[in-house]
**Student:** 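Shown below is the structure under consideration.
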2 protein chains.
Amino acid sequence: MFFEGSEKKAEVFVDPKQLCLLTDISDDFWAALVNCCNARILSTMSNQKCKAFLLSESSLFVWADRFVILTCGETRLVNSVEYFIQKIGVDKLVHVTYQRKNEYFSHAQPSCFGDDIKLLSRYLAGKALRFGEMDSHHNYVFHQDNGFRANPEHKTYELLAYQISSQASEKLTTPGLTASQIREFLQLERLLPGFSLDDFVFKPYGYSVNAIRDHQYLTIHVTPQANSSYVSVESNLNLIERAPLILDILQPASFDLLSFNEFDFQQQTSRFIPDHYISKSLVKETLSNNYQVYFANYILPKKHFSRAIMLDIASDNHAL
Amino acid sequence: MFFEGSEKKAEVFVDPKQLCLLTDISDDFWAALVNCCNARILSTMSNQKCKAFLLSESSLFVWADRFVILTCGETRLVNSVEYFIQKIGVDKLVHVTYQRKNEYFSHAQPSCFGDDIKLLSRYLAGKALRFGEMDSHHNYVFHQDNGFRANPEHKTYELLAYQISSQASEKLTTPGLTASQIREFLQLERLLPGFSLDDFVFKPYGYSVNAIRDHQYLTIHVTPQANSSYVSVESNLNLIERAPLILDILQPASFDLLSFNEFDFQQQTSRFIPDHYISKSLVKETLSNNYQVYFANYILPKKHFSRAIMLDIASDNHAL
């Protein structure tokens, strides 16, 4: 069984004096927006600063001035962005970013990044960039090019882990595993002291958690199956500092770090990334919207030969 | 501009006493077979043991007892294999192998490996395996499972180079470059002393060469453009021994080695692969048809940050 864990992501800023996303927008609106990409809301939690929706495919976070939505699987997230633009009006948008990670099974997707940004370009003038090599992990970033200047304090971090250790994969695919067992395995109390958590265990496996505290958020999505394992962590907490703990738990064969406005990326990665990981890609770019973006992919060198993976010809599996 | 260099490959054995592929099959038949996957024959050369066709998308080699066909781009090679089976009859087949490298742009392909082997399975019982990780370079191998036992002397080598150096890419995309300039750049005289060569320079760039000497063959296909550069070398000559020269010319950021029946793979790679390359994947498997297959992917660690790649939103480019 395969599942496409790789996410698409959109971040949309509005002017909260004109439109406060926390108070002026109903949950029904968000449900309809989420529906547009064939996902649905599983649960919700909120505090004074932030509302977090756990989705059937990943997460939606809403603050007064912006929302961030991540969806995985075969969702077409750009349709949700189009819905927002059409309902709210393009004049109320302050800034839009649309991002897409390369997929494991891109042939099974309803659209490619080129299709998505062609659709967005009907509404928004923007620029598109690729971080990372075509023949390896990479992220596409489209951003509106409208004079918006990002606040240097608006920092975002992503840690995307591939091929987690067989121990982690076996643990996380154990039948009947409960949310609290997964929280313990992922050491969420240590990682997120004082955060409110909202999580969901998927059948037969898979796990999502949203965490919020004041304006801070962190979300983890786990696709644990051995042949396409993937764990994504996204947050406005510093994930480079937290990488040693996360890497120790998951022991991935490869991972990406992506940051927006972490100006000390190079120093921090030197300090926090364990030496046995080798950097395969290193990209740095300042976007015209003033975000400084860093992307790095790391791998574990292989020392020993493993067996090939036997495939099931009979199964209707487009993971081939 | 993008071009999908990644190849599909089929190898088909027959019993030459029943059907000699060199003498009993006309060139028109091969032309029709090649047409079935929307490729065409550009030129031909032959000697007593082997006939080599240069194709609009890669190559076809024919010996008395077998043929090997490689096609790249958006060809559907499995249709050519089906044509052969239908015309010749499944009872005359001794053994079939069908192989497919993961693509840069799999969403632009007319089929995936799963589709291809489902079609083959209508005619042939077989097994399918994956060599290499899902989130990195990998090769799928389907082989007929019919009691055939490969001759240990039947050795094949593939060296697949990704992200060749900017110098190599610039050289190989120079407008007006001639075949002889490319032969010189690739040092083909040194690599292939005494071989007959048949080559073609594509517009605006791209290069293919077939080389034969007696029963020996080597073929190189060059997709030189910077953002999806790829050079494949396939041969029954030992490409591990020749890797230092090839790597020195192309200086790829990453490459695969794949071998069939090279029993000294580990010793040879230790000896011949330059130390600055790090092994990212190592796979060893003995197939039920008696082929011992090795797969290795190597990367160059990155030391310095590069810029992101700016994409052209307006272009009708499915390389996104």
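A note on names: the letters A, B, ... follow the listed sequences, proteins ahead of strands, and every chain is numbered from 1.
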**Student:** Starting from the C-alpha separation in whole Å, work towards a yes-or-no answer on side chain to side chain contact (heavy atoms under 4.5 Å, CB included) for A:His143 and A:Glu11.
**Tutor:** CA-CA 9 Å; A:His143 65 92; A:Glu11 181 166 50; over 6 Å; no

**Student:** Are there more than 12 heavy atoms of other residues, nucleotides or ligands under 6.0 Å from atom NE2 of B:His304?
**Tutor:**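 Counting neighbours around NE2 of B:His304, 12 or fewer heavy atoms of other residues, nucleotides or ligands fall under 6.0 Å, so no.
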
**Student:** Any carboxylate oxygen within less than 4.0 angstrom of a Lys/Arg side-chain nitrogen, looking at B:Arg76 and B:Asp116?
**Tutor:**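 Judged by the 4.0 Å cut-off on N to carboxylate O distance, B:Arg76 and B:Asp116 do form a salt bridge.
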
**Student:** Which answer fits A:Ser6, side chain, backbone, both or neither, if we ask what part of it has an atom under 4.5 Å from a heavy atom of chain B?
**Tutor:**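 It is neither, since no heavy atom gets under 4.5 Å.
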
**Student:** Applying side-chain hydrogen bond (donor to acceptor under 3.5 Å, both in side chains), can you list everything that pairs with B:Ser232, at least two apart in sequence or on another chain?
**Tutor:**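 For B:Ser232, the residues satisfying side-chain hydrogen bond (donor to acceptor under 3.5 Å, both in side chains) (neighbours in sequence not counted) are B:Glu7.
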
**Student:** Test side-chain hydrogen bond (donor to acceptor under 3.5 Å, both in side chains) on B:Asn261 and B:Thr156; report intermediate values, then the result.
**Tutor:** CA-CA 7 Å; B:Asn261 284 347; B:Thr156 311; over 6 Å; no

**Student:** Give me the one residue out of A:Leu247, A:Ile246, A:Leu159 that meets side-chain contact (heavy atoms from CB on, under 4.5 Å) with A:Pro252.
**Tutor:**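 Exactly one pass, corresponding to A:Leu247.
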
**Student:** With chain B, which of A:Gln266, A:Glu103, A:Arg100 has the greatest number of heavy-atom pairs at distances under 4.5 Å?
**Tutor:**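 Maximum pair count with chain B is reached by A:Gln266.
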
**Student:** Non-hydrogen atoms of chain A under 4.5 Å away: do they reach the side chain of B:His138, the backbone, both or neither?
**Tutor:**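 Interface part for B:His138: neither.
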
**Student:** Tell me, please, which residues at least two apart from A:Phe260 pass ring pair (Phe, Tyr, Trp, His ring centres under 6.0 Å).
**Tutor:**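 Per chain and number, A:Phe260 pairs via ring pair (Phe, Tyr, Trp, His ring centres under 6.0 Å) with A:Tyr291.
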
**Student:** Given a strict heavy-atom distance threshold of 4.5 Å, which part of B:Gln163 is in contact with chain A: side chain, backbone, both, or neither?
**Tutor:**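 The side chain, not the backbone.
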
**Student:** Chain A contacts: which residues in residues 281-290 of chain B have a non-hydrogen atom closer than 4.5 Å to it?
**Tutor:**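 So far as heavy atoms go, B:Ser281, B:Leu282, B:Val283, B:Lys284, B:Glu285 are the residues that approach chain A to under 4.5 Å.
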
**Student:** What residues, two or more places apart in sequence or in another chain, satisfy side-chain hydrogen bond (donor to acceptor under 3.5 Å, both in side chains) together with A:Ser279?
**Tutor:**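 Not a single residue meets the side-chain hydrogen bond (donor to acceptor under 3.5 Å, both in side chains) criterion with A:Ser279.
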
**Student:** Compute the centroid of each ring, for B:Phe295 and then for B:Phe131, and state whether the two points are separated by less than 6.0 Å.
**Tutor:**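 Ring centroids of B:Phe295 and B:Phe131 are no less than 6.0 Å from each other.
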
**Student:** Quick test of your reading of the model: are B:Lys9 and B:Glu234 salt-bridged, counting only N-O distances below 4.0 Å?
**Tutor:**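 So B:Lys9 pairs with B:Glu234 through a salt bridge.
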
**Student:** Checking heavy atoms, do the side chain of B:Tyr277, its backbone, both or neither come under 4.5 Å from chain A?
**Tutor:**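 Contact with chain A involves no heavy atom of B:Tyr277 at all.
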
**Student:** Determine the option with the most heavy-atom pairs under 4.5 angstrom with chain B, choosing from A:Ile299, A:Asp135, A:Leu129.
**Tutor:**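 Of the options given, most contacts go to A:Asp135.
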
**Student:** Which answer fits B:Tyr230, side chain, backbone, both or neither, if we ask what part of it has an atom under 4.5 Å from a heavy atom of chain A?
**Tutor:**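 When you check distances to chain A, no heavy atom of B:Tyr230 falls under 4.5 Å.
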
**Student:** What part of B:Phe142 gets within 4.5 angstrom of chain A, counting heavy atoms only: side chain, backbone, both, or neither?
**Tutor:**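 The side chain, not the backbone.
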
